[in-house]
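Read the structure below first, then the notes.
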Amino acid sequence: MAARRGRRKTPLEDARIHAVKALDKSAELEVRYINSFKGRGVFSKAHFGKGDFVVEYRGELITCQESERRRRTYNRACAVFVFDFLWQEKIWCIDAAQEDGSLGRLVNDDHRSPNSKMKRVIIEGKPHLFLFALREILPGEEITYDYGGKDWPWRKQAEEQSDDAESSTTAVFSAVLETSERPTSPITQAEEQSDDAESSTTAVFNAVLETSERPTSPITQALDEPDFVVSTKKVPCLVDYSDSDESQGPCTNPCSSQIQSQIFESDPILTDQDRQSIPQLRTKSIQMKERIYFDSDELFDPISDDSGEEYIPKSTEDSSEDSDGTNIVSFDHKMKMQRFPNMGKIVDVRDGCLSMQELDKNSLNPTIERGRSHIRKKGTSGKRRQRNCSSSVTSPRTQTSTVNSTKQSEGGYTEALLVNSAPDLVPNLPDGASSLVEVTIPAVCKKEDGSRMYNKKQYCLYCKKGFIKMARHLECAHKDKPEVERAVSFPKGSKERRMHMELLRNRGNFAHNVEVVNSGVGTPVPRKHMPWKHMKVCKFKPSTPLKPGRTCVQALCGFAVPPPPSVKEQLWKLLNNMVQDDVYFAVKTDACLMEYGEHLYNRLGYDVSKHEYIRQKLRELGRLLIFSRKNTHLKTIKDHIKPANFMQVVQAVRDLAGYNCETNAYKCPSLALKIGYSLKKISMLVESRANVQSDFSTAKDARTFRKVYEARWNEMISSASLRTLQESKWNTPQLLPFTKDVQTLHSYLDAQ
Ligand SMILES: C[S@@+](CC[C@H](N)C(=O)[O-])C[C@H]1O[C@@H](n2cnc3c(N)ncnc32)[C@H](O)[C@@H]1O
């Protein structure tokens with residue numbers, strides 16, 4: 001096992017592992033907002049060696065025809081995310097127009113001195129596009145690659161600028177510049193700087209580039225060098241140069257050269273018409289620029305320690321992972337596995353809903369009804385439900401494995417409950433776990449003969465320890481407590497004695513469960529029934545009759561959980577009158593939303609008629625939060641007010657409000673406007689709190705977010721929303737007053 005963990009990975013293997021998990025190296029890369037012209041970019045947070053796998057250009061693999069169809073519907077901003085490449089003698093595309101939180105799609109262009117290069121790698125018969133470092137990349141550097149093509153507007157601008165600069169320099173310096181920076185030259189600065197040892201390879205390589213970049217032969221720009229076929233089955237030898245003897249390596253692969261010559265000289269699939277259409281695509285999309293041999297010096301420095309097999313990925317998520325890809329566990333998940341080693345089945349209990357929603361006020365015990373949690377509302381069942389849950393807490397694409405790890409633990413199954421979010425409301429969590437609180441629920445254990453094993457521990461209200469026989473423990477150890485004294489005053493076996501003991505047991509369990517939920521440590525004591533169902537038979541239910549319906553009982557149960565320290569009881573109560581759905585749990589467990597709620601409550605809460613307004617405001621943001629968690633990497637409202645995430649927020653708000661880029665109209669324009677307003681308000685609250693706490697970087701982030709918001713929100717969201725609102729009024733019939741109304745008015749005026 002130790003040997004396996006220590007096994008070094010090649011860049012290709014590293015790329016494959018990330019591709020299979022659909023994960024980026026989030027510990028080593030970050031998105032930053034650069035400026036309004038360039039938008040966002042991806043920056044290195046760590047050191048990358050030459051040849052290292054950097055990031056995948058992830059998206060949907062589509063055919064050329066489909067990409068043509070989409071391009072007709074996409075606006076310019078979306079079309080630029082479609083990446084063309086050649087594979088199996090056809091043009092394919094990776095469409096990354098969807099804002100899915102992946103990083104590869106956000107990498108910007110640099111045709112002069114890019115630090116990485118796009119490569120096509122085949123994994124399990126499917127092409128993937130990966131960026132590999134062309135040279136050493138230092139922390140803080142922006143990741144760039146050459147988009148290919150020539151018509152990108154920013155290049156012209158850059159060239160104009162550099163022309164201006166050139167004209168003002170001395171003649172000698174101009175001459176040097178002309179040689180090294182001529183835009184038509186395929187030789188990059190980096191290549192120019194390469195040392196003598198590399199020069200021969202570079203020369204050969206440049207020769208290839210020059211041929212493939214000749215503008216008159218557009219097809220040669222597409223990528224068609226031998227694929228890097230990565231097979232999961234051939235562990236540890238993961239690189240398989242298709243149809244070739246592995247020992248020969250890619251350069252000497254006769255098959256590849258055959259394929260290349262087929263494609264370059266007489267392409268059997270592409271007609272002249274197709275060829276004509278390719279350059280046209282290029283002005284709107286990114287392409288594989290040219291062929292590059294995978295083991296060429298450009299990617300792997302043969303004399304460097306970092307090359308080839310000696311490569312060890314640095315990303316945190318790789319640190320303890322199995323490299324065979326069969327047991328891929330998300331980073332967050334693994335972290336929780338450390339905390340809860342017995343974790344087995346994963347059941348989705350979002351936003352503290354198990355512990356909060358199902359804590360039964362009357363029985364004072366959290367309840368879980370296996371297979372009947374609110375997840376069922378989604379129409380999922382059994383294994384599917386489990387899968388959904390893992391995706392809801394990690395990334396939509398990391399679903400696979402969390403479920404696979406089902407194990408029978410010592411005493412039977414355990415169910416790990418991933419409780420999404422509540423990061424700031426739940427203290428003492430390690431950094432990376434900020435968006436997850438996980439609680440392990442022990443399931444009923446069965447003996448070998450299938451009968452139930454009664455080993456459930458109850459928690460003592462007084463000494464906080466777990467015991468299987470609680471009544472006996474109370475009687476022996478806490479006889480001096482008045483409640484216990486009263487309970488034992490009833491005859492043994494009597495109904496009264498049982499009820500008193502049960503109440504004490506429930507109270508002990510409740511206190512224990514609250515502790516577990518708040519600290520994220522320990523195992524809560526489950527209870528079988530849903531609260532509203534249990535309420536029908538509960539021996540301790542309030543004597544005053546409740547309003548019929550589930551929500552009322554749930555509200556009672558929700559309120560049974562004490563508010564977190566930073567939340568006012570009145571606000572907590574106000575929230576518990578909300579419909580208790582996903583949005584409710586999202587709101588209740590997000591610190592910024594609670595702060596915003598508190599702000600609204602302080603302003604308007606004295607007026608009960610405004611309570612519904614406060615709830616609505618919070619629900620709008622709760623919906624945004626749920627949407628963002630599903631579709632982006634934003635997990636809290638605080639993430640939404642970081643300037644680097646601005647574009648993702650824009651996209652999320654657009655999607656949530658039903659933006660149609662063709663008509664430039666919204667289905668629900670007022671939602672987009674309201675969310676914008678609330679986000680701005682929250683940024684002010686966060687900034688002021690951060691200033692008070694001398695957390696100047698958070699304050700700066702919030703301030704910068706507001707600046708970006710003020711500069712761009714109107715253009716990106718509000719203008720279209722307002723226009724939609726205005727236009728929707730055009731078709732509203734203007735109501736003329738009835739004759740009767742006019743008569744009434746006249747008689748009123750006469751009476752005056
Ligand atoms: C694939 S996206 C890259 C991510 C993009 N910056 C964003 O914020 O969404 C390509 C777009 O980024 C911008 N871009 C990329 N490279 C650029 C560069 N070198 N200079 C200016 N803008 C660039 C252009 O607007 C281009 O259409």
Side-chain angles (χ1 to χ4, degrees), residues 24 29-44 54-60 62 67 70-71 74-85 93-118 129-131 134 137 141-163 181 183 188-190 281-289 628 631-634 640 642-655 659 661 704-705 708-709 711-713 715-717:
D24 290 326
L29 297 170
E30 67 180 348
V31 179
R32 281 196 217 152
Y33 177 78
I34 302 170
N35 55 39
S36 59
F37 180 58
K38 217 170 172 183
R40 293 159 294 176
V42 177
F43 289 78
S44 156
V54 180
V55 69
E56 178 178 8
Y57 188 92
R58 215 178 304 132
E60 200 185 338
I62 54 171
S67 95
R70 289 188 188 186
R71 253 184 269 261
Y74 280 171
N75 57 23
R76 262 187 89 82
C78 288
V80 82
F81 287 98
V82 181
F83 196 124
D84 298 341
F85 63 98
C93 305
I94 297 279
D95 179 358
Q98 185 75 21
E99 282 274 356
D100 60 356
S102 68
L103 301 181
R105 61 191 292 283
L106 302 181
V107 178
N108 286 322
D109 169 61
D110 185 348
H111 66 302
R112 292 197 168 158
S113 55
N115 53 22
S116 46
K117 181 123 212 159
M118 196 61 89
L129 303 180
F130 295 123
L131 277 178
L134 276 174
I137 302 175
E141 260 192 76
E142 187 187 354
I143 309 294
T144 55
Y145 67 103
D146 186 345
Y147 281 9
K150 293 199 185 300
D151 297 339
W152 300 107
W154 56 86
R155 290 191 187 173
K156 283 192 192 121
Q157 214 172 54
E159 273 160 24
E160 277 161 21
Q161 276 166 10
S162 75
D163 286 349
E181 288 196 15
T188 63
Q189 280 175 344
L281 298 179
R282 281 180 192 160
T283 55
K284 295 187 204 149
S285 60
I286 316 169
Q287 311 106 46
M288 279 291 174
K289 187 168 168 265
S628 299
N631 301 294
T632 69
H633 69 260
L634 311 178
H640 287 70
K642 290 191 177 147
N645 297 334
F646 183 77
M647 297 304 290
Q648 288 198 55
V649 175
V650 165
Q651 193 61 43
V653 172
R654 278 182 173 175
D655 291 346
Y659 178 68
C661 54
T704 316
F705 171 85
V708 179
Y709 172 95
R712 305 298 302 271
W713 194 261
E715 161 208 339
M716 295 180 140
I717 302 278

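When a ligand or atom number is given, it counts from 1 through the structure's own listing order.
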Q) Distance from D100 atom CG to T632 atom OG1, nearest 0.5 Å? A) 9.5 Å
Q | Aromatic ring proximity, centroids under 6.0 angstrom, Y145 and Y147 | A | yes
(Q) Closer than 4.0 Å to some heavy atom of R105 - which atoms of ligand 1 meet that? (A) 1 (C), 2 (S), 3 (C), 4 (C)
Q: Could you tell me if any non-hydrogen atom of L106 lies under 4.0 Å from any atom of ligand 1?
A: yes
Q: Check if W152 has a non-hydrogen atom at a distance under 4.0 Å from any atom of ligand 1.
A: no
Q. Does the side chain of W152 pick up a donor-acceptor pair with the side chain of D109 at under 3.5 Å?
A. no
**Q.** Within-cut-off N or O pair, D110 and ligand 1, under 3.5 Å
**A.** no
Q | Atom pair CD/CZ of E99 and F81 - distance to nearest 0.5 Å | A | 6.0 Å
Q: State whether the side chain of R105 and the backbone N or O of A97 hold a donor-acceptor pair below 3.5 Å, judged by distance alone.
A: yes
Q. Can you list the atoms of ligand 1 that are under 4.0 Å from a heavy atom of G39?
A. 8 (O)
Q: Could you tell me the separation between the CD1 atom of I94 and the CE atom of M118, rounded to the nearest 0.5 Å?
A: 9.0 Å
**Q.** Proximal atoms of ligand 1 relative to N108 (non-hydrogen, under 4.0 Å)
**A.** 3 (C), 4 (C), 5 (C), 6 (N), 12 (O), 13 (C), 14 (N), 15 (C), 16 (N)
Q: Please identify which atoms of ligand 1 are closer than 4.0 Å to at least one heavy atom of F81.
A: 1 (C), 2 (S), 9 (O)
Q) At a 4.0 Å threshold, what atoms of ligand 1 neighbour a non-hydrogen atom of V80? A) 10 (C), 27 (O)
